[in-house]
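Note sheet for the following structure.
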Amino acid sequence: MSEEPRAPFVVACPDCEVRTATDDPNETVAFYRRHRAVTGHDLAWERAEFDGADDLRPDADGTDGPGGGEAVLAAIVDDLEGTYGNGVPVGIVAAAMGARGVPMGETLERIRALRMRGALYEPRDDHLASV
Amino acid sequence: MTRWNDGTDEVGTVSADITEETNALPARYFTDPEVHEMEKEAVFSRYWIYAGHANAVPEPGDFFTRTVGDRQVVVVRDRDGEVRAYYNVCAHRGSKMVDDTPMTEPGNMRRITCPYHLWTYDLDGTLASTPKSFEEASLNPDLEDDEVATLDPERNGLMEVHTDAIGPLVFVNFEDDPTPLAEQAGTMKAELEALPLEEYELARRYVSEVECNWKTFGGNYSECDHCQSNHRDWIEGIRLDESELEVNDYHWVLHYTHEEDVDDELRIHEEHEAKFYYLWPNFTVNMYGTADGYGTYLIEPIDEGRFQLVADYYFRDADLSEEEAEFVRTSRQLQEEDFELVERQYEGLRMGALGQAQLGPNEHTLHRFHRLAQEAYEAYEASDAPDAPDAPARS
């Protein structure tokens, strides 16, 4: 499939061998949703290059456990809010979590849990901000 | 003839008779976002659309979801063993009820429950129960408990979508009174139902996103003039000059003869050829000549410039032998080769230079495909649809 030269975001399905390369981080999430709906497969990150990646606190190191993963996710949103006005794209958050070994589906579940608890909100669709 | 967008040529309809003229469907019907929106109603709401395989839901309560255009249905096996489909919409206030559930990972539920206010439906779609808060009016000072109306289970049940099947292949239709699937599928239905399709299990599902209009890929599937130069590995064992392209009302069949006779045990069918069925608008059944199995393609639009190909492979046993796995890999390679071609074609179409392509003399299957698209647009326009874009002008 077509790939823009050195697209910053590349995700692939290890089972289907299908991948998408895009400039828009949220397109990776849309791709995941479509793919998940028909296959049940999760996706793996091949590449994620985004503004603010170097600003993420090193203590957001992916320590998991009950609530731990959500705390990491909330810290990522907190760290990146200064870089992305009007909400951090959910694809950026997924990429940052992917770098810590968290699959896209699990990241979206954690985002939902945080939103339901009121720790995050969406200033616009598929963009996240801390409360 | 080819018609360019150079200010002098005007596009016309798809030729009525390909032996006289060779007009294809005008190019804008492949690239215009409005056409994509229109097709959700004109095409995908009016014809039988493949929903999935009955083998995926063997037990009562087994279900998966399927999204067609803007609509989503829950495909479920009821307690009588029938596969039925309901809009994934609660009769209370319209909430979507169950989460997206792929055919490859079907869920099971004793009843269908909406998480919003816990209205619960039996597998036959009737309303089974509501919480006490819908039977009493304790919070409403204007109403006594005994004045609360009892909800009729059937009249407050789920909205069912028409289903029909070719063997275990289940289709849905969103029309109020659809033309029978047997009419749309024609001889294809009887031919496929003569085969033991239900004895085969889903072994692989590959889903690919491709950057072109769904009709671009459908057209590519429907002809093999491109095979000699683009599918070098595949055509090695095929006698293209002895192959046949058969056209019917709503389906066409590509028959490919093998150069060498193939062992009968390698086929589900008796004919000594591979047979590839295309059923309008977006479904194919692939009867291979060199593997004891079959495949299906669902060519599912995402938007005007993208579709996803859902490629399913069915074999006697879902655990594939090495030979069968290699067969699927080869099929996958064929898909990748086609993706390159159709994306390249679509890049050309998007440039806007071409107003209307022309079809070759052996592209009569593709001609039928384009005619069906045009007829669907014209029928939609004739139905006084409020937002119908212009159908191709009569030439």
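We name chains A, B, ... by the order of the sequence lines, and we start the count at 1 in each one. Just so you know, these numbers use all the heavy atoms, side chains as well, and skip hydrogens, waters and symmetry mates.
Residues of residues 29-39 of chain A that come within less than 4.5 angstrom of chain B, heavy atom to heavy atom, are F31(A), R34(A), H35(A), R36(A), A37(A), V38(A), T39(A) in numerical order.
Atom CD of E209(B) is separated from atom SG of C16(A) by 10.5 Å, given to the nearest 0.5 angstrom.
No more than 12 heavy atoms of other residues, nucleotides or ligands lie within 6.0 Å of CZ in R112(A), so this atom counts as exposed by the packing criterion. Shown here is N86(A), whose CG atom has more than 12 heavy atoms of other residues, nucleotides or ligands within 6.0 Å.
For R204(B), there are no side chain to side chain donor-acceptor pair (under 3.5 Å) partners two or more places apart in sequence or in a different chain.
With a 4.5 angstrom heavy-atom cutoff, L298(B) does not touch chain A via any of its atoms. Residue T67(B) does not touch chain A at all, counting heavy-atom pairs closer than 4.5 Å.
Of all heavy-atom pairs between G40(A) and P102(B), the closest is N-CG, 3.4 Å.
Ranked by non-hydrogen atom pairs under 4.5 Å with chain A, the options T104(B), V207(B), D100(B) are led by V207(B).
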